[in-house]
Enquirer: 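Dropping a structure here in C-alpha cells format, bear with me for questions.
Since this is a predicted model, take the numbers as computed values, not measurements. Start at 1 with the first residue, then count along the sequence. Heavy atoms only: backbone and side chains are in, while hydrogens, waters and symmetry mates are out.
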Amino acid sequence: MIPRKAALALAAFVWWTAQPAWAVTGTTEATACPAIRRPEKIDLRYKLTFNQHHTDFVEVRQLTSIDIPAAQWPLANDLTLSEDSPKYRNAMRCLLHEKRNAPAKFGTWHPEWHDVSGATEQQDVVAVQYESRNLVGNTAGQFEAGPWTVDAEPDKDWKVALHSPEVLRGVPRRTVEIDPGGLEISNAPGASSANETHRVWTPPGPDAEASIMRPKHLISLSRRDSLVAYLGITSWWVFGSALIAVSAWPFRRKNGDDDKAAAGRPETAAARTLAHTTVQWAGLSAALALTLSLLLQLYPATIRWRALIGISSGLALVLFAQPWLPVVEHSDDSGKQLTKRTVLATALTAAAIGLLVVVSPQLFGLPAQLMPAASPSPSPLGIVGLALLEASMLWLWFTAMAAWAWRFAREGKLGGSPAEGGRNEPGRHLRRVMVAGAALAVITALVVLWHVLSFEARWQRANWLGEADSLFGSDHMGILGQQLAQFLFFGPLWTYTHTGVLTVIALVALLHLSSRDGSGAKSLGPMSWDLLLVTAIFALVASRVTKLAGTAGNLYGLWLPLNMLALYALVKAGRRWSTLGRVDRKAMNCLGANTARGESRVTAELSTRAGYQRLMSDARRCRDLLHRLQLVDHDHAESSTRRALEDQLSELHHWRPAGCSRDCLPDPVSVLDVALSWGPRRRWWRNALNAARWAAVFGVLPSMVTVWFEYASDPDQWALTLDGATGIPDVVWRFVSLEVFFAGAGLVMGALWRVLPGGRGPLRALSLFVAWLVPIGMVAAFSHGIDRRTVGLALVNIVLMLMVLTLTSMWMDTDTFSRERPYWTKRLSLLASIYQVHGLSGQLAFLVMQAVAAVTIWRQIATG
C-alpha cells in the first residue's frame with residue numbers, strides 16, 4: 001500500500017506542477033497601462049550596484065524610486081495595495097517592464113530575486129521603493145534586475161542596459177547611476193558625469209547603457225576556453241582510469257599460470273578476480289569520459305541521442321557490474337538465479353520505460369526530438385513521459401554506481417566475510433538487492449522532484465508580475481516540459497562526475513587484498529605496488545577535496561602525477577628520517593650481511609606477540625619514569641631518587657631486536673617513541689583502517705563546514721544553490737564524497753604511519769599536509785586565471801583536512817595504549833599521560849592554530 005500511495009502522491013504533484021500559471025499563482029490577465037498626464041511632476045531615480053563578495057558570482061542590486069502624484073496616474077493608488085493584489089502587480093509591471101518584441105529563452109533568462117517593494121502615500125503623492133537583486137556567475141545569458149538587464153555573452157564584456165517602460169518614456173529622470181563596485185567600466189556612452197567608481201546619467205537622455213569588464217575570478221565563457229576546460233577535466237578521468245589499470249595489472253601478471261603455487265591460494269585467486277574487475281571498470285570509465293565529457297562537447301548531439309546514450313550506458317554499467325553475484329564467492333546460493341532474473345527484469349524494465357519515450361515520443365504527445373515546442377504546449381501525459389525518461393536514466397546510473405561499489409567491496413573483501421548463522425541463507429541477498437533498488441528509486445524520485453521544485457521557484461520569480469507567458473512565448477506547462485527535456489542534455493555527464501568515488505573504492509579494495517596476500521609483511525610500510533596504490537589513493541583524494549578555478553581547472557590531469565610525486569618524495573625522506581627508519585637502519589648496520597634486502601628488523605621483531613608485548617611494557621615503564629622525573633623537578637618527590645629514575649630510563653634505552661648485538665635506539669629516541677611510531681596495530685593495513693575510521697568521524701564537522709561554505713555561506717549563495725536544477729542533490733553528494741575522501745586521507749596516513757617523519761602523531765599529519773600543499777602551490781603559481789580568493793578557498797579546505805588528520809593522529813596515539821583505557825576516565829587524560837603535560841599543551845595549541853588559520857583565511861581572503 002505504501003508504494004502505491006507514494007506513486008499516487010507523485011503523480012498528483014506532477015499534475016499540479018504542470019498546470020497553467022493562473023492555476024498556480026492565481027494571477028489575472030494584465031490590463032493596459034494608462035499614460036501619465038503630467039510627466040514633469042514625476043520624480044524618478046535609478047541606481048544599479050555591483051558587489052564582489054563571492055568567488056562564484058557577482059551580486060547585481062538595483063533600486064528604483066518613483067514619486068507619483070495620485071492625480072496624475074489612474075493606477076497610482078493601486079501601488080499602495082497588498083503585493084498579492086492583481087491590481088498592485090499590474091501597476092508595478094507598468095512601471096518596471098517594457099514590452100518585449102522577441103520572447104526570451106527560459107534557460108538563458110535569469111529572473112531577479114524580489115527583495116523590497118513598498119509604496120507610501122503622503123500629501124497625495126505615492127512614493128514607490130522597489131529593490132531587487134540578481135547573481136551573475138560564469139554562465140551565459142541575460143540577468144534581470146528590475147528595469148535593468150545584464151547580458152553575459154561568451155568572451156565579452158557584460159552589457160548593462162536600462163529599459164524604460166512605455167509609460168515612463170516621457171518622464172524626466174533625476175538620476176541614473178551605476179556603481180561598478182570595483183569592476184572596470186569599459187564604455188558608458190551618454191554619461192553626464194563620471195569618476196573612477198561611478199557613472200551618472202541626468203536628464204534628458206536615452207536609456208543608460210554601459211559595458212562592465214568581466215571579473216578575473218570568474219572563468220571565461222568562450223567556447224575555446226570551455227573546450228580547454230573539458231579537455232583538462234577529461235584528462236583527469238582518463239589519467240585516473242589509466243592509473244587504476246596500471247595498479248591492477250601486476251596482480252593479473254603475478255597471479256598468472258606461470259606461478260602455479262601462488263595461483264592455488266584463495267588470496268591469489270581473489271586478487272586476480274578483483275584485478276580483472278578493476279581493469280574492466282578502468283576501460284568503461286575512460287570510454288564514458290571520452291564520450292560524455294569530450295565527444296559530445298565537440299559534436300553536440302540532440303537531446304534524443306543524449307537520452308539514448310545515457311540510458312544505454314547506465315544499463316550497460318549495471319549489467320557489467322553483475323549485482324546478482326552472492327556475497328561469498330563460490331557459495332551455493334540457491335537464490336542466485338532468482339536474484340539474477342529479478343535484477344535483469346528490473347533493469348530492463350527501467351530502461352524500456354525510458355527507451356519507449358525516446359523511440360516513440362508520439363505516444364506521449366512529444367515531438368521527435370523530445371523538446372516540446374512553445375505552441376502547442378505539451379499535454380500532462382507528455383510531462384509525465386519526460387519525467388519518467390529522466391527517472392529511468394537516473395535510476396540506472398545510481399544503480400550502476402551502487403552495484404560497482406558493491407562489487408569492489410565484495411571482491412576486495414572489504415568489511416570482512418559474512419558471519420555464520422544464517423547471514424547468507426538463500427534469499428537474503430535477493431532481499432538486500434530489492435531493498436537497495438527501492439532505496440535508489442526513492443532517491444531518484446527525490447532528485448526529479450527537486451528538479452521540478454527548482455523550476456517552480458524560478459518560474460514564480462519570473463512570473464511575479466504575471467508576465468512570464470509573454471516573456472517566454474509559452475505557458476507554464478510548455479516551459480516545464482522544456483526544462484525536463486534540457487536535463488536529459490546534461491544529465492548523463494552530471495551523474496558520471498559522481499563516479500570518482502568508485503575509483504577510490506577500487507584502489508582501496510586492491511590494497512586490502514594485497515595486504516592480505518602477505519607481500520611486504522616484513523617492511524615498515526607499503527612498498528613497490530602497494531606504495532603505488534597508496535599514492536594513487538592520496539592523489540585522487542587530494543585532487544577531489546580541493547577545488548581550483550581559472551586555468552587551474554585546465555590542469556586537472558597534472559594534479560594526479562604531481563600529488564603522487566610529492567608523496568613519493570615524502571615517503572623517501574620518511575624512510576630515512578622517520579623514527580622507525582632511523583632505528584631500523586641502525587639495526588641493519590648491526591646485523592650487516594645477515595639482513596635480507598627489503599626486510600625490516602624492527603618489523604620482524606614487533607610483528608611477533610612476544611616482541612610487541614615487550615616493547616609496550618617498556619614504553620609504559622618509560623612513561624611512568626618520565627612522569628616521576630617531572631614530579632622530582634617540581635619538588636614533589638625526593639631528589640635522591642632522580643639518579644635511580646635516570647638509571648632505569650637508561651636501561652630501557654638498551655632496546656634491541658632479536659639477533660642484534662648492540663643497542664638500536666639513536667640517542668634522542670626512546671622506547672615510547674618507537675611504540676608511538678609503530679601504531680596501535682601490528683600490520684600497517686590495520687593501522688590504515690583504524691585511521692580511516694577516525695578520519696571519517698572527525699571529518700563530519702569539517703564536511704558540514706565545507707558544504708555550508710560552498711553552498712550556503714550567505715543568503716546569495718544559498719539562493720543560487722536553491723536555484724539550481726541539482727542544487728540540493730549536489731549538497732548531499734558533496735557531503736558524502738567529502739566523508740569518503742576524508743576517510744581515504746586517514747587511510748593513507750595510517751598506511752604510511754611508520755615511515756612518516758615526526759615523533760608524535762600531529763607531526764606526521766603535518767608532513768602529509770606539506771605533501772598536499774606543494775602541488776597546490778605549484779598549480780596556483782603557474783595559473784594566470786586564479787585569484788587570491790580562489791586560493792584562499794583551497795587553503796581553507798586544506799587546513800580543514802589538516803585538522804582532521806591532526807585529530808586522527810592524536811587518537812591513533814591513544815589507541816596505541818588502548819589497553820590502558822580502563823584506567824583513565826577520559827581519553828584526554830590518556831593523551832596527557834602519553835605526551836606529558838607540556839607536550840599535550842603544544843599539540844592542542846597546534847590544533848587551535850589550525851582553526852584560527854582556517855577562520856583567518858576565510859575572513860581575510862575567501863570572503864574579502
Enquirer: Main chain of Glu467, side chain of Arg93: is a donor-acceptor contact present, judged purely on distance under 3.5 Å?
Expert: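 Such a contact is absent between Arg93 side chain and Glu467 backbone.
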Enquirer: Considering all heavy atoms of both residues, which atom of Arg173 and which atom of Val176 are nearest to each other, and what is their separation?
Expert: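 Heavy atoms of Arg173 and Val176 come nearest at CD-CG2, 3.7 Å.
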Enquirer: May I ask you to say whether Glu710 pairs ionically with Arg734, meaning some side-chain N is under 4.0 Å from a carboxylate O?
Expert: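 Yes, this pair counts.
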Enquirer: Would you say the side-chain atoms of Ser454 pair up with the backbone N or O of Trp450, donor to acceptor, closer than 3.5 Å?
Expert: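 Yes.
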Enquirer: Are the side chains of Leu394 and Val448 in contact, using a 4.5 Å heavy-atom criterion?
Expert: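 In contact.
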Enquirer: Provide the closest heavy-atom pair for Pro74 versus Ala35 in the form atom of the first, atom of the second, distance.
Expert: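 Heavy-atom minimum between the residues: CD-O, 4.2 Å.
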Enquirer: Take Ser186 and Asp157 through the test side chain to side chain donor-acceptor pair (under 3.5 Å) and record every step on the way to the result.
Expert: CA-CA 8 Å; Ser186 58; Asp157 293 346; 3.0 Å; yes
Enquirer: Step by step, would you call His163 with Thr149 a side chain to side chain donor-acceptor pair (under 3.5 Å)?
Expert: CA-CA 8 Å; His163 304 278; Thr149 58; 2.7 Å; yes
Enquirer: Is it true that Asp43 and Arg174 have a side-chain N and a carboxylate O under 4.0 angstrom from each other?
Expert: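 A salt bridge links Asp43 with Arg174.
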Enquirer: Got a salt bridge between Arg458 and Glu456, using NZ or NE/NH1/NH2 to carboxylate O under 4.0 Å?
Expert: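 Answer for the salt bridge query: no.
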Enquirer: Set out, in order, the CA-CA distance, both residues' side-chain angles and the distance that settles side chain to side chain contact (heavy atoms under 4.5 Å, CB included) for Val58 and Trp158, then state yes or no.
Expert: CA-CA 12 Å; Val58 173; Trp158 291 344; 3.9 Å; yes
Enquirer: Just wondering, are more than 12 heavy atoms of other shown residues or ligands nearer than 6.0 Å to CD in Glu184?
Expert: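 Result for CD/Glu184: open.
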Enquirer: Verify ring pair (Phe, Tyr, Trp, His ring centres under 6.0 Å) between Phe57 and His110, making sure each step is shown before the conclusion.
Expert: CA-CA 13 Å; Phe57 55 83; His110 303 274; over 10 Å; no
Enquirer: Check Leu386 against Pro372 and note the closest heavy-atom contact, atom names and distance.
Expert: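 Closest approach of Leu386 to Pro372, heavy atoms only: CD1-CG, 4.0 Å.
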Enquirer: For Tyr130, run the ring-ring contact (aromatic ring centres under 6.0 Å, His included) check against Trp464, Trp148, Tyr46 and tell me which one passes.
Expert: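 The option that passes is Trp464.
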Enquirer: If the plane angle is over 60° it's perpendicular, under 30° parallel, otherwise tilted; pick one for Trp459 and Phe106.
Expert: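 Tilted: the ring planes of Trp459 and Phe106 meet at 30° to 60°.
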Enquirer: I'd like to know if Lys159 pairs up with Glu209 as an ion pair, taking the criterion as any Lys NZ or Arg NE/NH1/NH2 lying under 4.0 Å from an Asp or Glu carboxylate oxygen.
Expert: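 Looking at Lys159 and Glu209, the cut-off is not met.
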Enquirer: Is Leu75 close to Cys94 at the side-chain level, that is, under 4.5 Å between some pair of heavy atoms?
Expert: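 Sidechains of Leu75 and Cys94: in contact.
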Enquirer: Is a donor on one side and an acceptor on the other found under 3.5 Å between the side chain of Asn134 and the backbone of Val60?
Expert: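 Judged by distance alone, no pair lies under 3.5 Å.
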Enquirer: For residues Ile383 and Met477, report the shortest heavy-atom separation together with the two atoms involved.
Expert: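 In this case the closest contact between Ile383 and Met477 is CD1-O, 3.7 Å.
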Enquirer: Please examine the side chains of Leu465 and His97, heavy atoms only from C-beta on, and report whether any two atoms are closer than 4.5 Å.
Expert: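 Answer yes - side chains close enough.
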Enquirer: Check for a donor-acceptor pair, side chain of Gln52 on one end and backbone N or O of Gly181 on the other, with a separation under 3.5 Å.
Expert: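 Side chain of Gln52 to backbone of Gly181: a pair is present.
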Enquirer: Around atom CG of Asp124, are there more than 12 heavy atoms of other residues, nucleotides or ligands at under 6.0 Å?
Expert: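 No, the 6.0 Å shell around CG holds no more than 12 heavy atoms from other groups.
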Enquirer: Would the distance check show the side chain of Trp73 and the main-chain N or O of Pro34 forming a donor-acceptor pair, the cut-off being under 3.5 Å?
Expert: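 A pair under 3.5 Å: yes.
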Enquirer: Report the C-alpha distance between His451 and Gln483 in whole Å, list the side-chain angles of each, state the deciding distance to 0.1 Å, and finish with yes or no for side chain to side chain donor-acceptor pair (under 3.5 Å).
Expert: CA-CA 9 Å; His451 186 193; Gln483 292 306 295; 5.3 Å; no
Enquirer: Side chains of Ser65 and Gln129: donor-acceptor distance under 3.5 Å anywhere?
Expert: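 Yes - a donor-acceptor pair under 3.5 Å links their side chains.
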Enquirer: Return yes if some donor-acceptor pair links the side-chain N/O of Ser392 with the main-chain N/O of Leu388 below 3.5 Å, else return no.
Expert: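 The answer is no, because no donor-acceptor pair under 3.5 Å joins these two groups.
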Enquirer: Does Asp84 form a salt bridge (charged side-chain N to carboxylate O under 4.0 Å, His left out) with Arg89? I'd like the steps, not just the answer.
Expert: CA-CA 7 Å; Asp84 297 328; Arg89 295 189 177 188; 3.6 Å; yes
Enquirer: Is the Trp494 ring parallel, tilted or perpendicular to the His498 ring (thresholds 30°, 60°)?
Expert: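 It falls in the perpendicular class, over 60°.
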Enquirer: Between Asp716 and Arg133, is the closest basic N to carboxylate O distance under 4.0 Å?
Expert: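 Yes, Arg133 and Asp716 are salt-bridged.
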Enquirer: Is the number of heavy atoms from other residues, nucleotides or ligands under 6.0 Å of Gln122 CD greater than 12?
Expert: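 It does not: Gln122 CD has 12 such atoms or fewer within range.
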Enquirer: Measure across Thr139 and Ala152 and return the closest heavy-atom pair with its distance rounded to 0.1 Å.
Expert: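 Minimum heavy-atom contact is O-CB, 4.0 Å.
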Enquirer: Sub-3.5 Å donor-acceptor pair from the side chain of Ser132 to the main-chain atoms of Ala145, do we have one?
Expert: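 No, Ser132 side chain to Ala145 backbone: no donor-acceptor pair under 3.5 Å.
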